[in-house]
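The chains referred to below are lettered A, B, ... by the order of the sequence lines, with proteins before strands, and numbering in each begins at 1.
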Amino acid sequence: MIDLKILRESPEIARAGIQKKRNDCDLDAVMDVDAKRRKLIVEVESLRAEQKAANTEMSQLQKGSPEFMEKVGEMKDLSARFKQSDAALKELDESWNDLYLSVPNLPHETVPDGSTEEDNVEIKAWGEIPDKEPYHVPHYDFDWLDQILDFKRGTKVTGSGFPFYVGDGARLVRSLVSFFLDQAHESGIQELGVPFLVNGDSALATGQLPDKEGQMYQAVEDGLYAIPTAEVPLTNFLRDEILEEAELPIYRCGHSACFRREAGSHGKDVRGLNRVHQFDKVEILKWVKPETSYDELESLRDYAESLLQKLGLPYRALLMCGGDMGFSQTKQYDLEVWAVGQQRWLEVSSCSNFESFQSRRARIRYRDSQTGKNEFVHTLNGSGLAVPRVLVAILENGLQADGSVKLPEALAPYMGKDHIARA
RNA sequence: GGAGAGAUGGCUGAGUGGUCGAAAGCAACGGUUUGCUAAAUCGUCGUACGGGUCACACCGUACCGCGGGUUCGAAUCCCGCUCUCUCCGCCA
């Protein structure tokens with residue numbers, strides 16, 4: 001949720017931001033219901049005040065006396081009016097809530113204007129793009145693919161998009177997860193093992209609900225959602241808490257399987273490991289003081305980049321334009337790695353600042369030591385990193401003329417070898 | 001899964017259908033005093049929303065696990081749910 005003050009006091013700023021995001025929420029309806037709601041609150045509360053005053057008065061009277069009974073009669077009427085207004089307010093509150101939740105976060109001033117991925121701005125490129133040799137092919141065309149991946153049996157057991165990783169494939173996944181977690185540990189980021197299922201309150205706080213409900217797998221019987229990213233349990237780790245200013249910034253990381261229905265996505269980019277319904281990812285989360293959040297975003301991106309550098313994978317960093325960034329973000333960088341076999345960029349990390357959008361929903365605050373007031377923290381998160389596409393880049397970029405795959409040196413301690421030989 | 005007990009402010013813990021935002025104690029914060037490093041004493045000490053203000057002040061309302069209900073009036077009575085603890089069962 002964005003700050004209501006912005007809506008009330010400078011709606012033109014909100015309007016411009018919403019336009020920049022190419023979002024079509026109805027701001028006039030929001031403002032209209034807000035005004036009506038506030039008027040009704042005054043009405044309900046003054047009726048209630050009257051009722052309470054009478055209550056105090058009645059407590060002094062002899063119970064059952066004529067004066068008392070007369071008062072009861074008067075108050076019955078008031079009570080009826082109160083109940084009517086209160087019911088009207090509750091109804092209005094519901095539509096107010098729906099509308100308020102439909103307002104996206106406003107993009108930062110440094111976010112470029114634009115509506116599609118074409119308008120994202122490349123701010124950095126690292127590593128050398130290798131020339132495509134004849135033996136370079138997409139990973140899904142490796143003739144020994146079934147040595148490390150089994151899509152067919154995954155489809156049998158669960159459905160498409162749920163591959164089995166086999167032998168060295170499975171070990172590579174585990175190695176990458178371990179490498180990412182160890183790197184975070186070395187950077188002083190505490191690791192959390194997170195629940196893979198969360199309740200509705202948590203999904204609402206991070207913004208998956210209400211608008212992205214269709215993207216999550218659900219355990220309907222229990223009212224739980226399979227997490228699409230560890231961001232959800234991580235952010236909610238501190239939900240409903242008031243922190244001390246001295247505790248900030250707080251950094252945490254966590255590995256999880258991520259479950260995404262990917263409803264409505266078809267076509268070429270779903271081949272192989274490019275887009276699957278379940279994948280492993282290590283997520284980094286930051287809770288910080290507002291004045292530091294944009295610096296923290298830069299260092300978060302630097303950290304994610306350092307992982308790709310250590311793996312020796314060429315990548316580019318994009319600053320997302322207003323129309324291509326998420327609903328809840330104020331500023332977002334994506335890291336894309338080059339996959340030489342497919343001759344395309346694959347997104348492996350997204351680093352974002354949410355300012356107080358999530359913390360307002362999740363009620364995560366800190367006590368300002370100067371004013372003594374409770375303020376919302378700013379939250380940020382970034383992938384560090386998503387496993388399957390990194391795996392794709394390792395496979396495709398590392399493919400040698402003899403069909404073997406040369407592994408990044410950083411993974412040698414985890415894999416116990418420097419290449420995967422074709423059997 | 002079965003049986004029982006419970007859920008009150010940062011913590012412990014009282015609470016009669018009405019004067020209860022809620023006793024008391026602890027912790028915390030501010031002052032005073034003695035002094036020596038621990039006491040004594042006075043005061044302050046929840047959050048959110050709405051009104052109000054340049055901003056404070058101030059006023060109102062809500063919140064005693066959550067959601068309903070009864071009532072002129074609910075922390076208190078009734079119903080449903082959630083969670084915690086104990087015992088039993090089952091099970092990595």
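Both distances falling under 3.5 Å, in either a Watson-Crick or a G-U wobble arrangement, place B:G50 opposite B:C59. In this entry B:C91 has no Watson-Crick or G-U wobble partner, no candidate having both defining distances under 3.5 Å. Searching all strands for a Watson-Crick or G-U wobble partner of B:A14 with both distances below 3.5 Å returns nothing. Across all strands shown, B:G6 forms a Watson-Crick or G-U wobble pair with B:C83, both key distances being under 3.5 Å. Both distances falling under 3.5 Å, in either a Watson-Crick or a G-U wobble arrangement, occur for no nucleotide opposite B:C20. Pairing partner, B:A28: B:U44, with both Watson-Crick or wobble hydrogen-bond distances short of 3.5 Å. Remark: B:U37 base-pairs with no nucleotide in the shown strands. Criterion, Watson-Crick or G-U wobble with two distances under 3.5 Å. In this structure, B:C77 and B:G69 make a Watson-Crick or G-U wobble pair, each of the two defining distances being under 3.5 angstrom.
You'll find a donor-acceptor pair under 3.5 Å spanning the side chain of A:Glu45 and the base of B:G60, going by distance alone.
Regarding A:Arg48, its CZ atom lies at a distance of 12 Å from the C1' atom of B:G60, rounded to whole Å. Taking atom OH on A:Tyr100 and atom P on B:C49, their separation rounds to 9 Å, with Å as the unit. Protein atom CZ of A:Phe376 is 7 Å distant from nucleotide atom P of B:C49, rounded to whole Å.
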Would you tabulate the pairs of protein nitrogen or oxygen atoms and nucleotide nitrogen or oxygen atoms of nucleotides 51-59 of chain B closer than 3.5 angstrom?
from: B:G51; atom 1: OP1; to: A:Arg38; atom 2: NH1; distance (Å): 3.1

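Summarising the local packing, CZ of A:Arg363 is surrounded by more than 12 heavy atoms from other residues, nucleotides or ligands at distances under 6.0 Å. Around the CD atom of A:Glu241, the shell of radius 6.0 Å holds more than 12 heavy atoms that belong to other residues, nucleotides or ligands.
The residue among A:Ile242 and A:Lys90 whose nearest nucleotide of RNA chain B is located toward the 5' end is A:Ile242.
Contact check of residues 355-367 of chain A against RNA chain B (heavy atom, cut-off under 4.0 Å) returns A:Arg365, A:Arg367. Listed in residue order, the members of residues 68-78 of chain A having a heavy atom less than 4.0 Å from RNA chain B are A:Phe68, A:Val72, A:Met75, A:Lys76.
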